[in-house]
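Heads up: the structure comes next, in structure tokens.
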Amino acid sequence: MTTDSTKNERYNAREAEPRWQKAWDERGIFATKNDDPRPKYYVLEMFPYPSGRIHMGHVRNYTMGDVVARYKRAMGHAVLHPMGWDAFGMPAENAAMDRKVHPKAWTYENIATMKAQLKSMGLSLDWAREIATCDPAYYKHQQKMFLDFLNAGLVERKQSKVNWDPVDQTVLANEQVIDGRGWRSGAVVEQRELTQWFFRISDYSEDLLNALDTLDRWPEKVRLMQKNWIGRSEGLLIRFMLDPQTVPDKESELEIFTTRPDTLFGAKFMGLSPDHPLAAAAARKNPKLAAFIEECHRKGTAQAEIDTAEKMGFDTGIRAMHPFDPGWKLPVYVANFILMDYGTGAIFGCPAHDQRDLDFVNKYGLGNTPVVCPEGQDLKTFVITNTAYDGDGRMINSRFLDGMSIEQAKEEVAKRLETETRGNRPVAQRQINYRLRDWGISRQRYWGCPIPIIHCAKCGVLPVPEKDLPVKLPEDVTFDKPGNPLDRHPTWKNVKCPQCGGDARRETDTMDTFVDSSWYFARFTDPWIANAPTDRKQVDKWLPVDQYIGGIEHAILHLLYSRFFTRAMKKTGHAGLDEPFAGLFTQGMVVHETYRKKNGEWAMPADVKIETSGEARRATLIATGEEVEIGPIEKMSKSKRNTVDPDDIMESYGADTARWFMLSDSPPERDVIWSEEGVQGAGRFVQRLWRLVGEIADVKAPEARPAQFGDAALAVRKAAHRALANVSDDIARLRFNRCVAHIYEFANALGEAIGGIETAVTPDLAWALREAGDILVRLFHPMMPHLAEECWAALGHKMLVASEPWPQLEPELLVENTITLPVQVNGKKRADVTVPRDAGKTDIEAAVLALDAVKRALEGKSPKKVIVVPQRIVNVVA
RNA sequence: GCCCCUGUGGCGGAAUUGGUAGACGCGCCAGACUCAAAAUCUGGUGGCCGCAAGGCCGUGCUGGUUCGAUUCCGGCCAGGGGCACCA
């Protein structure tokens with residue numbers, strides 16, 4: 001079939017894409033109305049930090065979200081698909097220090113650049129709802145909620161140990177301490193006790209853990225990570241009496257937490273955290289102990305040190321009495337491996353069944369007694385030397401517990417000790433402990449949301465009165481000195497006490513930026529409301545987010561904080577639900593080959609040319625022709641220079657090609673390898689679709705639907721509706737790589753159908769081809785929206801395909817009249833058999849046994865059994 | 001150390017969840033068009049044997065369950081991720 005030569009023009013993405021973006025903008029078709037009566041669908045991608053330019057990870061993330069948004073819109077939903085900026089944070093301050101630009105100017109310039117980049121991707125976003133967390137119109141509400149949380153008992157001020165950088169004069173997060181040194185200054189980090197603000201997330205430990213089971217549209221992996229992070233363990237709090245002759249001051253007992261009360265008869269020592277009050281009390285009388293505790297404090301910030309740190313202890317001289325035998329005295333050690341903020345900061349050590357305790361006793365010669373014996377183990381040969389036994393078994397060497405299982409022994413110990421009282425209190429009680437700690441939100445930083453608190457020498461710590469909100473960041477600050485610019489601002493921090501009117505001081509700490517991102521999804525539902533953080537009507541309407549999409553790196557912190565924050569908002573009346581994200585999808589990274597020059601420097605993909613001959617690939621620098629080594633495929637990063645700039649791809653191939661390639665091949669949860677060949681393949685397909693649609697547009701079809709369809713026409717219609725069914729199902733399940741494959745298949749089938757036309761097109765086939773063309777364009781529209789508009793127009797439609805409904809499936813076209821079943825003999829495929837769709841088992845069996853291939857495979861033997869699985873397979877067992 | 005995931009052609013991956021292994025794409029090979037190139041189109045492409053028809057082998061390794069296993073169960077190997085002195 002020949003085509004008009006004018007239709008042979010290539011599709012020009014660079015010209016077409018801005019044109020269609022403008023058309024969408026002018027018609028405002030992506031603006032969401034809060035009074036839209038259709039069923040709601042809220043799709044959200046994790047909003048970006050305005051670092052400067054978008055990267056390929058953003059392209060992947062936002063493409064996926066956009067496919068879902070466009071699909072749901074076509075399915076008749078009122079879709080909320082907003083975008084904003086996680087705009088507070090350290091990089092802006094670093095830029096201020098390095099380049100003398102104000103953080104605010106730097107941030108807003110980046111936002112402008114990145115917004116233009118996102119717009120060039122053709123995303124169907126409602127930009128009218130755009131928010132930036134550094135805007136006082138946003139953080140004012142965050143301050144209001146902080147005060148509400150404070151009133152509701154969800155915020156607390158307490159002392160805590162922090163990593164302190166003495167050069168930059170700021171607190172560092174654990175991730176910012178590298179090998180014991182500050183990541184910016186390189187100074188040795190100190191441990192300091194500071195008074196900080198905390199959100200009481202640990203009050204919700206149990207709820208946050210239990211509710212994970214209700215999040216059935218979250219990846220199992222993320223739920224598991226959160227479960228481990230919350231870290232629930234059941235155990236027993238036991239009060240040990242101390243030997244009065246050995247105790248300093250008025251201490252008389254020591255409370256410990258254990259999950260293994262069954263091993264109580266294997267105890268060899270008691271351990272105290274260096275921060276334990278009893279350790280401090282003992283140190284007051286013992287300078288050597290005090291020195292040891294000091295030594296412990298100096299170490300222990302750097303991860304590497306903790307990994308390799310030797311178990312060290314110091315005998316306090318105090319002796320504890322065994323709860324079941326007052327005559328049995330246990331030495332009380334201060335030990336460097338015991339944490340103050342878990343349990344009670346004190347343990348009893350059972351070396352035979354705990355590796356750390358074993359390492360400890362082996363160093364100090366305290367010995368061990370096994371009390372759990374593995375099933376089938378000979379008691380006489382059961383000795384623990386260097387490896388503790390933490391498996392199952394029977395109790396031994398344990399008096400009244402002997403012979404019991406671990407579970408029985410735990411229960412027996414708990415029962416005995418919780419019914420025994422001392423000073424009107426039970427000696428032991430059951431307790432559930434969580435690893436999750438309260439969320440410290442104080443940062444000694446400028447570029448963050450100010451904590452709305454005033455410190456008055458007379459009246460104490462006071463909230464800023466609501467009428468004075470927002471507490472705005474002053475803009476006249478300097479970054480020439482280390483430390484927090486707010487702290488040395490001449491006027492900002494000096495205020496009058498709202499209670500007594502005397503001189504008072506503002507809180508100069510700002511909030512952790514994770515606070516900003518813990519509620520932005522709620523603000524999107526009505527970003528205009530000025531007198532409250534949220535409009536309850538809109539929050540109730542739109543939340544939870546139906547589909548949240550982002551990187552796995554946020555599996556714990558951001559997602560856990562948001563879950564807590566939503567609960568806190570519920571308690572203070574700002575929201576009505578517990579779980580903000582009904583569906584979560586974590587996408588994989590974008591990775592790329594690395595290229596290394598002879599001198600060891602990395603080369604950028606854009607500067608490298610790849611040649612292939614046979615199976616060998618060779619990379620050379622375009623500029624000089626120097627051969628570079630092709631290295632392993634790694635996450636795109638500045639350090640390895642294996643990044644590809646989205647702008648370059650948009651420029652040379654267009655947004656649709658980039659979007660299509662991002663969705664092809666790799667399943668969305670896995671890493672995708674960005675390759676030049678892959679992009680070219682996607683670009684080829686864009687042109688192929690354009691030609692194919694051009695050919696269909698040339699077909700003269702009757703207005704009316706024909707009453708009858710011939711074989712060729714029916715085949716086209718079946719291919720179209722099968723593709724429709726498959727693609728719909730796969731988009732709904734976010735299996736974009738399969739959508740892509742099905743669209744390829746469909747385009748291949750259509751291409752063959754048109755190529756097979758020899759003379760004139762019959763009216764029924766012409767009609768079927770036009771129908772198939774319309775379906776094809778609407779199917780790929782969510783992935784390649786600009787090309788789809790261009791094709792839709794070429795097919796003669798006047799409306800935008802972006803506001804067209806999804807095609808109607810005709811299910812009867814999915815049903816075949818005859819089916820071809822594979823035929824196995826003894827489990828090996830030998831033939832196919834084609835039978836009517838509703839053929840009975842006996843008919844199929846007869847047809848199968850008549851096949852030559854089956855007779856041959858049976859070698860004259862008669863079959864023992866014929867298994868016929870309807871619609872699936874036939875297996876002949878000889 | 002504890003917990004979890006993954007392993008299929010040269011490559012990315014598919015397989016209706018126990019029923020034809022390798023869809024679709026990339027790459028490669030051959031051909032058509034062209035003075036040539038680009039672009040495009042056609043055919044081939046897991047391995048081995050065979051002119052062919054066809055046969056044998058094949059989803060990390062190794063056992064098992066089953067008429068039938070990439071899929072389920074046991075053991076091992078390899079790679080990746082999370083937590084990490086949490087008592």
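Below, all heavy atoms of this structure are taken into account, side chains as well, without hydrogens, waters or symmetry copies. Throughout, protein chains are lettered first and strands after them, A, B, ... in sequence-line order, and every chain is numbered starting at 1.
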Can you sort out the partners of Arg437(A) under salt bridge (charged side-chain N to carboxylate O under 4.0 Å, His left out), two or more places apart, ordered by chain and number?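 Arg437(A) satisfies salt bridge (charged side-chain N to carboxylate O under 4.0 Å, His left out) with Asp341(A) only.
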List the residues meeting salt bridge (charged side-chain N to carboxylate O under 4.0 Å, His left out) with Lys363(A), not counting sequence neighbours, and say none if there are none.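 Testing Lys363(A) for salt bridge (charged side-chain N to carboxylate O under 4.0 Å, His left out), a comparison that skips the adjacent residues, returns Glu310(A).
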Ser664(A) near the nucleic acid: base, sugar-phosphate alone, or nothing, with a heavy-atom cut-off under 4.0 Å?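 Answer is nothing: Ser664(A) stays at 4.0 Å or more from every strand.
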Restricting to ring pair (Phe, Tyr, Trp, His ring centres under 6.0 Å), what partner residues turn up for [X], sequence neighbours left out?
X: Tyr434(A); result: none
X: Phe257(A); result: none
X: His742(A); result: none

Short heteroatom pairs, N/O only, protein and nucleotides 40-46 of chain B, under 3.5 Å:
{"unit_1": "U40(B)", "atom_1": "O3'", "unit_2": "Arg691(A)", "atom_2": "NH2", "d": "3.0"}
{"unit_1": "C41(B)", "atom_1": "OP1", "unit_2": "Arg691(A)", "atom_2": "NH2", "d": "3.2"}

According to the salt bridge (Lys or Arg N to Asp or Glu O under 4.0 Å) rule, which pairs have a member within residues 666-682 of chain A, sequence neighbours left out?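 Qualifying pairs: Arg617(A)-Glu677(A).
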Residue pairs involving residues 742-752 of chain A (criterion salt bridge (Lys or Arg N to Asp or Glu O under 4.0 Å); sequence neighbours excluded):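 Found none.
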Using a cutoff of under 3.5 Å, can you pull out all pairs of nitrogen or oxygen atoms linking the protein to nucleotides 72-74 of chain B, with atom names and distances?
none

With sugar-phosphate taken as primed atoms, P, OP1 and OP2 and all else as base, the protein-contact string of nucleotides 17-24 of chain B at under 4.0 Å (heavy atoms; B, S, -) is S-BB--BS
With sequence neighbours excluded, what pairs up with Thr586(A) under the side-chain contact (heavy atoms from CB on, under 4.5 Å) test?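 Listed in chain order: Pro219(A), Val222(A), Ile552(A), Leu584(A).
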Using the test side-chain contact (heavy atoms from CB on, under 4.5 Å), find all partners of Pro605(A) that sit at least two apart in sequence or belong to another chain.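 Partners of Pro605(A) by the side-chain contact (heavy atoms from CB on, under 4.5 Å) criterion, ordered by chain and then number, come out as His592(A), Tyr595(A), Val644(A).
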Rounding to the closest angstrom, what is the interatomic distance between C72(B) and G7(B) at atom P?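 That atom pair is separated by 10 Å.
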